[in-house]
Amino acid sequence: MQQRERGVIRLAAVLSVCIGALAVLGQQADPASKPLPAATASNGELTIGAVIAQTGNANLYGQDQRMGIAIAQQWSLSQKPERPLRVQLEDGGSDEATAISAFNLLINQGVLALLGPTLSQQAFAADPIAQRRGVPVVAPSNTAKGIPQIGFFISRVSAQSSVIAPLSISEALRRDPQIQRVAVFYSQDDAFSTSETAIFQRTLRARGLTPVTVQRTQLADNDFQIPITAALQQKPDLVVISIQAVGGGNLVRQLRELGYQGQIVVGNGMNTPSIYPICQRWCDGILIAQAYSPELSTPINRTFQELLRRRNPDQPPSQITAQAFAAYQVVFESVQRLQRRGGLTGVTLEQARKALMKELLGGSYDTPLGPIQFTPDGEVIQGRFYVAEVRMDANGRNGRFAMVRNTGAEEKAP
Amino acid sequence: MIETILQTLLNGAAIGGVYALVALGYTLVFSVLGVINFALGALFSLGGYLTYLLMGGRISANGGLPGWGIPFELPFPVALLLGAALTGGASLIVERLAFSPLRKRRAEPLLYLITSLGAGLVLVNLLQMLMGAEGYAFPANALAALPDAILIMGARIRSVQVLLLGVCAVTVIVLTLWLERSRQGHALKAVAEDPTTAQLLGINSEAMLRVSFLISGFLAGLGGGLIGVSISLPGPYVGIGYGLKGLAVLVLGGLGSIPGAIAGGLLMGLAEALVPSQLSGWRDALAFAILFGVLLLRPTGLLGRRMVEKV
């Protein structure tokens with residue numbers, strides 16, 4: 001054998017041994033195999049992770065979500081928990097790579113469960129990692145089709161767009177049954193927006209309306225003059241938008257500035273008060289279907305709003321904040337039930353994660369969104385949805401989602 | 001039909017005007033120093049935020065100083081000019097920190113790229129720490145004196161687009177007149193032509209270099225303020241995209257050519273505007289394909305001159 005070949009073989013052998021050693025060490029270091037701290041240890045606190053957008057465009061949603069989780073923690077302490085939860089917050093950014101990195105970091109640090117990520121697009125990339133590692137994920141704001149179906153460990157408290165989105169179209173048609181010409185806008189490089197627009201368009205077709213124009217934009221677009229010009233040539237009497245908050249806010253503003261006076265239906269991406277400063281007085285009158293109503297009169301919703309008011313009197317309660325609260329609440333209540341039944345005693349982290357997921361899926365929860373449960377594959381079951389109209393104040397800087405319709409789950413997509 | 005064409009042309013010209021401003025910023029520094037200032041995109045963002053703050057805008061709850069704002073509100077035109085002037089000042093600081101030390105050591109041009117890129121990243125991150133990552137919109141009354149849109153030959157155009165185009169055109173004309181007619185403009189051109197000879201003729205090359213950075217920053221800041229009032233500020237990275245487009249326009253027009261930067265900016269803007277909305281996902285790709293095509297036919301760019309290597 002040539003000396004060079006022998007060298008290569010030696011090198012390969014050394015590398016194999018190194019990789020094997022790393023794999024063994026890695027397995028030993030995997031916190032999943034370690035025992036779960038006992039309830040009596042220090043304060044018996046368990047850590048969950050939250051992967052929330054703190055940078056990039058999705059930070060608009062992220063800041064509402066952080067608030068929701070913070071007040072949920074405050075609420076949970078008032079429940080005198082046997083097992084308090086500590087939340088380790090990690091920036092999920094607004095892209096897939098940052099969300100994946102945050103998931104990996106928190107899972108390797110041994111969190112019991114994860115809340116997040118903020119965007120559906122990120123969930124499709126990051127959730128499979130949690131599924132492979134057996135870590136329960138509760139998504140507060142992912143509404144694209146197919147997310148809980150990623151696997152057993154993936155669930156969400158945010159109802160699927162296909163359930164909610166058609167309601168706002170129904171409301172627009174109820175207000176003006178003469179609507180014939182519909183223009184559709186959506187971000188073609190965003191999983192959530194493409195998923196939602198498919199639902200909107202299916203609903204329109206079911207109502208006998210074929211969009212007269214479909215304008216595709218990019219997630220990073222903020223100047224929509226060109227697609228608006230093209231759309232307005234078709235003289236639409238309804239515009240349906242599936243674009244995230246900043247871009248969507250700019251689109252609404254530019255549509256109005258360019259003279260469009262018809263109804264505007266927007267999707268869940270714009271379901272945040274953060275759109276108010278972007279489209280300002282031009283936001284007035286846009287219709288949006290919601291999974292949350294500040295007007296729902298239940299003790300937990302009143303508590304939620306009171307805690308929110310105490311923290312930030314200027315922040316109106318929003319769906320995204322309420323869903324983030326509900327996501328934490330679901331994990332918190334499942335952990336307490338499991339603890340009471342002894343399911344968290346003498347088990348490894350891996351066993352605790354699996355038990356928690358089973359417990360979570362089997363429970364019923366009275367949340368600010370109303371009563372919710374889960375299907376066996378982690379999809380939320382929610383009874384009541386709403387259609388809101390944005391009403392801006394005279395100064396055009398602040399507004400509110402005014403409820404105009406309250407519908408039961410029976411009124412679903414056709 | 002005519003309205004549509006006019007609307008499309010005006011849309012393209014307005015955005016092309018902003019690209020031209022950024023490209024002119026690159027051109028001025030490139031002409032004098034022979035290097036690209038990669039911090040220009042970050043200065044563009046800075047200009048947008050400064051204009052916002054000068055108009056009485058407040059820092060959001062996620063910023064480094066939540067709720068903070070300056071204790072007065074300036075009208076948009078004043079805020080825009082002052083914001084651009086302050087950005088020009090920031091550009092001088094970038095010159096002092098990222099360019100001057102290397103120039104004194106006669107460093108390789110590649111090193112300037114790295115230090116200016118670093119300075120740009122630091123600036124964007126400082127903006128993010130101070131202002132937070134969320135979008136900021138200028139007050140609704142920023143252009144209260146103007147209607148939402150105006151009709152030009154039947155085409156409905158947002159007033160802000162017309163303003164954008166007008167400000168860009170005036171800026172380019174003023175800059176060109178200054179370069180062609182003023183003593184300092186001639187001095188700057190002389191330094192750009194040959195700094196050693198200019199120095200022998202009694203021109204302070206160092207001072208002219210600083211003037212080029214000051215104007216370059218001013219132009220970027222102006223672009224940032226204009227884009228801010230047109231489409232809001234989506235985040236601290238808003239200027240990076242415009243910086244990259246400006247760089248492409250610089251190459252398209254011809255390195256160091258001021259008329260080339262203007263022509264390149266307009267061409268790039270129009271190319272984007274003419275992409276059918278069904279192909280909007282290909283807008284950037286088509287714009288850069290034009291750049292590629294032009295460079296294949298004219299490697300020096302539209303109006304660039306062939307560089308002569310002196311030995």
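In what follows, chains carry the letters A, B, and so on, assigned in the order in which the sequence lines appear, proteins first and then strands, with residues in each chain numbered from 1.
- The two atoms that bring A:Gln280 and B:Pro139 nearest to each other are OE1-C, 3.6 Å, heavy atoms only.
- Your options are B:Ile157, B:Thr8, B:Ile231, and the one with the most heavy-atom pairs under 4.5 Å with chain A is B:Ile231.
- A donor and an acceptor atom, one from each side chain of A:Asn250 and B:Ser232, are located under 3.5 Å apart.
- Only the backbone of B:Phe138 has a heavy atom closer than 4.5 Å to any heavy atom of chain A.
- In this structure, CD on A:Gln225 lies 7.0 Å from OG on B:Ser230, to the nearest 0.5 angstrom.
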Q) Between B:Tyr136 and A:Ile278, does a side-chain contact (heavy atoms from CB on, under 4.5 Å) hold up when you go through it step by step? A) CA-CA 7 Å; B:Tyr136 283 92; A:Ile278 306 286; over 6 Å; no
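- In terms of heavy-atom pairs under 4.5 angstrom with chain B, the leader among A:Arg256, A:Gln54, A:Arg281, A:Gln254 is A:Gln254.
- Scanning all heavy atoms of the two residues, the minimum distance from B:Ala137 to A:Pro277 falls at CB-O, 2.7 Å.
- Within the 4.5 angstrom heavy-atom criterion, only side-chain atoms of A:Gln233, from C-beta onward, approach chain B.
- Counting heavy atoms from C-beta outward, A:Asp223 and B:Gln161 have side chains that approach closer than 4.5 Å.
- Here the shortest heavy-atom pairing between A:Arg253 and B:Arg158 reads NE-NH2, 4.3 Å.
- No other option in A:Leu258, A:Thr229, A:Leu232 has as many heavy-atom pairs under 4.5 Å with chain B as A:Leu258.
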